[in-house]
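Working notes, beginning with the structure itself.
Starting from 1, each residue takes its place in the sequence as its number.
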Amino acid sequence: MKKTGSILICVLIILILSSCAAKTQELSFSSSNEQTKAVYDYLCSIEGEKALSAQQESTWMESPEYEMDYIFNASGRYPAMRGLDYMNDDFEGVNKRAEEWWNKGGLVTICWHCGSDFSGAWKESQETEIADWDKALTEGTEEYNALLKGMDKAADALYELKEKGVTVIWRPFHEADGGWFWWGKGESENFKKLWRIMYKHYTVDRGLDNLIWVQGFSHNGEKLNKWYVGNEYCDIIGADSYDGGSQSELYKTVKKVRANNKPICFHECGENPTAEQLKETKWLWFMTWHTEYLTDNNSEKEINSLYNSEYIITLDELPDFRNGEDSMKDTDISLNEQHSFTVENILDAVEWLGKVDGEINVPAEYIVDNGSLKKIDLEGKIFSLECHGTAYYSFLNENKEKYIERIFLFIENYSFEECKNELEKLYGEPVSQGEEPYVESLGGVVSRTDYETDTMRIRVETASKHNYITLEFKLKSNNS
């Protein structure tokens, strides 16, 4: 019995250490910027605990927000992650929408359907080929130089996003093992060389320290190990399937490839898995494909149920990683008080939600505009305590003036429970509450409680490593 007990204890210790290892990943590119590291830390921390919602966009319907609006109208929430595609050389448009989504507080993932000359779109990705793989993959040849020149089109665009402070979950050369795209037609060894050339060129040569690299396999689920590019060349692995459900067998197959505990994502699907299925088959995220894949395969009732599940993370539930900061430091705690707009009761500023500059009584000198973000620093009283914070402008739809999308406040010398009690007096019982596991980038163990009205969501949040609490008022939609 003593021997059996010792064995059980050893097994338990191994399991605990294995679990901890899965939560302490490092990016493959050691020189990644701090913001990108924080995003990756967060992704690793939630794997197996929750799943991120994600949605691929289209650009040819009545609005680039076609899919996002469909989801919001069905559920009152937006996906945490937006999927984009550099196809047809739409670098300017993709970057614009990626930056807007990032500034909204969301995550961004980009793929690239293109031909073997890195132009065109889906048709060219399937109907073109590399004429001579040996020459194309041999440094110094004319073909190799042409390959790098083609890759540089996306590298230039990704560098622009780096300069804008946007972290990109980069998903190139997906479904290579399927053999239908040109990058998979040269078989696995050439594919791995191709991937590693892009990886080195983008990270070392071009200095792209804002990328999280995703290798996405196809639904085939066959001989995936021979297609795996290696631990040092990717950060997340995954697969896609349009056969419905959570595809548990495909997940298990991909998990066998997982070396060094890389997170696993469901990077394309047509019919969404349910929250209950995702609790069993623990994909880090699911990303629904665009247009009819979303609208024909997923009813509004199903989307509402999925997006309002406690297990599914939506845009409004993400930490804020912008400018290397996290959800507990959305602005610097020591704001420039000499240029803060004073409000007698800071809750009065909540009435600004949904309004543009001309609709609020704030002099222009207090409105900071750096081109990609507009904000107003605030100071005043809340619950009889001095408080300071920031009002942020944002927008999702093109050709619309920026409106105030959220008010973010910092409260010191006030307990989390006291703040919750005051909020319940104003907004009633909370709609959700809970804790995030310990994550260094989030400031320790994070406790959150959410309230809701017809027009806005209210979140009070505290972290074990901070001596203040945060309070966020966020517009559900543009009601202006």
Side-chain angles (χ1 to χ4, degrees), residues 54-61 67 83-91 93-94 109-137 143-144 146-155 157-158 169-199 202 213-224 226-229 234 237-244 247 250 254 265-271 287-294 296-297:
Q55 177 60 52
Q56 184 74 17
E57 67 166 19
S58 64
T59 57
W60 51 91
M61 305 299 284
E67 289 81 10
L84 306 100
D85 194 332
Y86 278 143
M87 63 182 180
N88 287 321
D89 286 0
D90 183 24
F91 303 110
V94 165
T109 182
I110 302 177
C111 66
W112 194 10
H113 286 94
C114 61
S116 57
D117 63 350
F118 295 94
S119 64
W122 188 85
K123 181 175 182 289
E124 290 77 13
S125 69
Q126 292 207 326
E127 296 182 2
T128 60
E129 295 188 44
I130 293 287
D132 189 323
W133 280 97
D134 287 338
K135 289 182 179 179
L137 301 178
E143 291 81 357
Y144 180 87
L147 192 76
L148 290 192
K149 185 177 180 181
M151 288 182 182
D152 272 335
K153 294 196 295 184
L158 292 167
I169 298 169
W170 177 234
R171 186 171 66 97
F173 303 139
H174 62 289
E175 299 175 359
D177 59 298
W180 41 78
F181 294 127
W182 65 263
W183 50 81
K185 292 179 180 179
E187 297 300 331
S188 59
E189 291 306 309
N190 284 326
F191 164 72
K192 288 187 285 189
K193 291 178 183 177
L194 175 70
W195 179 287
R196 292 167 185 173
I197 287 171
M198 174 180 274
Y199 183 94
Y202 279 21
W213 292 73
V214 178
Q215 182 181 4
F217 298 104
S218 76
H219 63 274
N220 284 355
E222 296 177 0
K223 300 178 180 178
L224 298 186
K226 76 173 187 175
W227 290 90
Y228 182 48
V229 296
C234 72
I237 58 176
D240 57 27
S241 173
Y242 290 79
D243 293 336
Q247 295 295 304
L250 180 60
V254 178
C265 68
F266 197 17
H267 57 81
E268 290 179 24
C269 64
E271 180 183 328
M287 186 169 76
T288 320
W289 208 236
H290 53 62
T291 52
E292 70 271 13
Y293 293 100
L294 169 67
D296 292 359
N297 296 324

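- In this structure, the ring of Tyr228 has its center no less than 6.0 angstrom from the ring center of Trp195.
- Of all non-hydrogen atoms in Ala239 and Val254, the two that sit nearest each other are CB-CG2, 3.6 Å.
- Between Trp170 and Tyr86, the ring planes lie tilted relative to each other; the angle falls in the 30° to 60° range.
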Asp90 vs Asp85, test: side chain to side chain contact (heavy atoms under 4.5 Å, CB included). Steps then yes/no.
CA-CA 8 Å; Asp90 183 24; Asp85 194 332; over 6 Å; no
Could you check Trp60 against Thr291 for side chain to side chain contact (heavy atoms under 4.5 Å, CB included), going step by step and ending with a plain yes or no?
CA-CA 9 Å; Trp60 51 91; Thr291 52; 3.9 Å; yes
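- Residue Phe266 holds its CZ atom at 11.0 Å from NE2 of His219, rounded to the nearest 0.5 Å.
- Residues Leu294 and Gln55 meet the side-chain proximity criterion, which asks for heavy atoms closer than 4.5 Å.
- Across all non-hydrogen atoms, the minimal contact from Asn220 to Gly178 is ND2-CA, 3.7 Å.
- Dense packing is recorded around CH2 of Trp180, with more than 12 heavy atoms of other residues, nucleotides or ligands lying under 6.0 Å away.
- Using a distance-only test at 3.5 Å, with no hydrogens or angles considered, no donor-acceptor pair links the side chain of Lys193 to the main chain of Asp134.
- More than 12 heavy atoms of other residues, nucleotides or ligands sit less than 6.0 Å from atom CZ of Phe191.
- Note that the CG atom of Leu147 and the CG atom of Leu194 stand 6.0 Å from one another [nearest 0.5 Å].
- Taking the six-membered ring for Trp and the full ring otherwise, Trp227 and Phe217 have centroids separated by 6.0 Å or more.
- A donor-acceptor contact shorter than 3.5 Å is absent between the side chain of Asp240 and the backbone of His267.
- Heavy-atom minimum distance, Gly115 versus Thr128: CA-OG1, 3.4 Å.
- Shortest non-hydrogen contact noted between Gln215 and Val229 is OE1-N, 3.1 Å.
- The line from CE of Met151 to CE of Met198 is 4.5 Å long, rounded to the nearest 0.5 Å.
- Within the structure, every pair that satisfies the salt bridge (Lys or Arg N to Asp or Glu O under 4.0 Å) test and touches residues 109-124, not counting sequence neighbours, is listed here: Lys123-Glu127.
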Let me see the working for Tyr293 and Glu67 under side chain to side chain contact (heavy atoms under 4.5 Å, CB included), right down to the final yes or no.
CA-CA 10 Å; Tyr293 293 100; Glu67 289 81 10; over 6 Å; no
Between Ile110 and Val94, is the side chain to side chain contact (heavy atoms under 4.5 Å, CB included) condition met? List the steps.
CA-CA 9 Å; Ile110 302 177; Val94 165; 4.1 Å; yes
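- Using a 4.5 Å heavy-atom cutoff, the side chains of Glu268 and His174 are in contact.
- Closest of all the heavy-atom pairs between Cys265 and Val214 is SG-CG1, 4.0 Å.
- The aromatic rings of Trp182 and Phe118 lie perpendicular to each other, with more than 60° between the two planes, well past the 30° mark.
- Of all heavy-atom pairs spanning Met87 and Ala121, the tightest one is CB-CB, 3.7 Å.
- In this structure, Trp289 and His113 have perpendicular ring planes: the angle between them is above 60°, well past the 30° mark.
- In this structure, SG in Cys111 is found 12.5 Å from CD1 in Ile169, a value given to the nearest 0.5 Å.
- Not a single donor-acceptor pair under 3.5 Å links the side chain of Glu187 to the backbone N or O of Gly184.
- Note that SG of Cys234 is 8.5 Å distant from OH of Tyr199, once rounded to the nearest 0.5 Å.
- To the nearest 0.5 Å, atoms CG (Leu158) and NZ (Lys153) are separated by 13.0 Å.
- The closest side-chain heavy-atom distance from Ser125 to Trp112 is not below 4.5 Å.
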